[in-house]
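Each chain gets a letter, A, B and so on, in the order the sequences are listed, and its residues count up from 1. Hydrogens, waters and symmetry mates play no part in the numbers below; they use all other heavy atoms, side chains included.
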There are 2 protein chains.
Amino acid sequence: MATGRTHRPATRSRGIPEATVARLPLYLRALTALSERSVPTVSSEELASAAGVNSAKLRKDFSYLGSYGTRGVGYDVEYLVYQISRELGLTQDWPVVIVGIGNLGAALANYGGFASRGFRVAALIDADPAMTGRPVAGLPVRHTDELESIIRDNGVSIGVIATPAGAAQQVCDRLVTAGVTSILNFAPTVLAVPDGVDVRKVDLSIELQILAFHEQRKAGEEPGQGPAAVTAAAGAPQAPGRPAPGSRKGPEGDVPAVMPA
Amino acid sequence: MATGRTHRPATRSRGIPEATVARLPLYLRALTALSERSVPTVSSEELASAAGVNSAKLRKDFSYLGSYGTRGVGYDVEYLVYQISRELGLTQDWPVVIVGIGNLGAALANYGGFASRGFRVAALIDADPAMTGRPVAGLPVRHTDELESIIRDNGVSIGVIATPAGAAQQVCDRLVTAGVTSILNFAPTVLAVPDGVDVRKVDLSIELQILAFHEQRKAGEEPGQGPAAVTAAAGAPQAPGRPAPGSRKGPEGDVPAVMPA
DNA sequence: AAATGTGAAGCTATTCACAGCT
DNA sequence: AGCTGTGAATAGCTTCACATTT
């Protein structure tokens, strides 16, 4: 999750299930840590535990890549690092632009994990002329006017959108027109893109809401921490033209009998 | 997705599938926009399109909540906003702490979408004494020493971790011990938590790697933008004790015959 | 006429459990 | 003896298509 895909249905690309692809980076991170500690081989059990999945899933995942393990022994760490990197396309250099250099954009630009694995921040772009030229994370911010030329000159195919929601679709359109075919969207909007363009979104608010849902369930069972104050924002609106209560099939306490204050 | 769940298998909570829960915030956002434009009712087709899903899925999702629509008409916008908000637990007030006030933590603290929907930033916490007391997003940063008392005094059950990877597990342990049962993790680490604690993670690096995977596929088909330069970081390591090539079952070009420069 | 709600079908993903290799 | 790789079984999710309701 935080994750969620938008375009491109969960279909297999060359036989590797989407769910597996989404876990490969996790395995890669765990393997890289092992590699740094000079661990030569690892079993599916150990690696799975380091990646936070179960070992059957891991073995199944790896089986889509090929038979890269040794029965009775395990997997060669360095070898697997290379195979997964190659499969993910990380042996190539991916120039990336970040559009929208506010708090979040700046945080992303400064994020170290960017540079490490094949990704390179080619440019930071912002619409505010006051930002233009200001250095952020060692790069001068460039104005939106230059967006198209930056994309073309650097052969950028991945764009990161960290603008306010209102600007996101417009920025997206320009990125796509200029040749970007993969977009990572941090703005809380659904982006419309043509076929062949991938969008993934990262949305803080959605993640929190999902946590709140589960948190609410727990509150009923355990006598632990509840929410601090139950200050409902507004009472239930009366749906117009609705017949007598009882026709609604909601699983429990539909509309509170008394509006919360 | 950017998003991924960690603990808690994809099991249903009170009959609502996890996949549906993950989409409710999306519907809610679209509905809120309609509400602000004073649109009274909406069809599954219209709402689905605004939320970026198909209408059959939306109707199925809503069917788990109950029968909240009117055949021949559609859904009452205000009524649905209320029902989904209630289902997600957003009619309650959820105090949240953010731990790790670096670039990202500050960006999160400043993010408006936080306050809007039932979430309230109760405190910003950082381990650096130099940060203590400094105002960020209108709140004074507090020192990690106070973590436990802040959690308890405010009845916080949701924690956001935006620390460096190395500190994340330790912060997580302290949060959980103090009573936090839901964690949103921005650090690139797999967190170990006891049963009953939910973790969701947001990981820029993973999202980019998933995009790179699909991008790599496209490069083969269309003659569009390829990656700028193919500078492989390292050649394929030689797995020790491996027999002659041909035994490996990797689907294609296993190990490059010549190491890339 | 229009649009919901939902069984049934189809598809994807996970888990089991064990044959097969080292 | 140990551990991988994988068919088979199970669970979960999406899509279809249409009866049902307004």
Between [N] ([atom2]) and [X] ([atom1]): distance, integer Å:
{"X": "Leu47(A)", "N": "dC3(D)", "atom1": "CG", "atom2": "P", "result": "14 Å"}
{"X": "Asp61(B)", "N": "dT14(D)", "atom1": "CG", "atom2": "P", "result": "7 Å"}
{"X": "Leu65(B)", "N": "dT6(C)", "atom1": "CG", "atom2": "C1'", "result": "15 Å"}
{"X": "Lys60(A)", "N": "dT10(D)", "atom1": "NZ", "atom2": "P", "result": "15 Å"}
{"X": "Leu58(B)", "N": "dT15(D)", "atom1": "CG", "atom2": "P", "result": "12 Å"}
{"X": "Phe62(B)", "N": "dT14(D)", "atom1": "CZ", "atom2": "P", "result": "14 Å"}
{"X": "Glu45(A)", "N": "dT4(D)", "atom1": "CD", "atom2": "P", "result": "8 Å"}
{"X": "Gln83(A)", "N": "dG5(D)", "atom1": "CD", "atom2": "C1'", "result": "16 Å"}

Under 4.0 Å from OP1 or OP2 of [N]: is there any side-chain N or O of [X] that close?
{"X": "Ser44(B)", "N": "dT4(C)", "value": "yes"}
{"X": "Arg23(B)", "N": "dT14(D)", "value": "yes"}
{"X": "Asn54(A)", "N": "dT15(C)", "value": "yes"}
{"X": "Tyr75(B)", "N": "dA2(C)", "value": "no"}
{"X": "Tyr68(A)", "N": "dC3(D)", "value": "no"}

In terms of side-chain heavy atoms of [X], which of [options] is nearest?
{"X": "Arg71(A)", "options": "dA19(D), dA19(C), dC16(D)", "value": "dA19(C)"}
{"X": "Ser43(B)", "options": "dA13(C), dA3(C), dT15(C)", "value": "dA3(C)"}
{"X": "Pro17(A)", "options": "dT15(D), dA13(C), dG5(D)", "value": "dA13(C)"}
{"X": "Arg59(B)", "options": "dT4(C), dA19(C), dA8(D)", "value": "dT4(C)"}
{"X": "Ala19(B)", "options": "dC3(D), dC13(D), dA19(D)", "value": "dC13(D)"}

Salt bridge Glu87(A)-Arg217(B), side-chain N to carboxylate O under 4.0 Å: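 Yes, this pair counts.
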Side-chain touch Asp76(A)/Leu80(A), heavy atoms, less than 4.5 angstrom: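 No; the side chains remain at least 4.5 Å from each other.
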Check: Thr189(A) and Ile161(A) side chains under 4.5 Å, non-hydrogen atoms: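 Contact flag for Ile161(A)/Thr189(A) side chains = no.
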Test log, rule ring-ring contact (aromatic ring centres under 6.0 Å, His included), inputs Tyr75(A) and Tyr68(A): CA-CA 7 Å; Tyr75(A) 300 93; Tyr68(A) 292 156; 8.7 Å; no
For Gln169(A), all residues meeting side-chain contact (heavy atoms from CB on, under 4.5 Å), sequence neighbours excluded: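 By the side-chain contact (heavy atoms from CB on, under 4.5 Å) rule, Gln169(A) matches Cys172(A), Asp173(A), Leu191(A), Ala192(A).
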Pairwise 5' ranking along DNA chain D for Lys57(B) and Ser63(A), keeping only the more 5' one: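 With Lys57(B) and Ser63(A) compared, the 5'-side residue is Ser63(A).
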Closest-nucleotide 5' rank along DNA chain C - winner of Ala56(A) and Val73(A):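 In this pair, the answer is Ala56(A).
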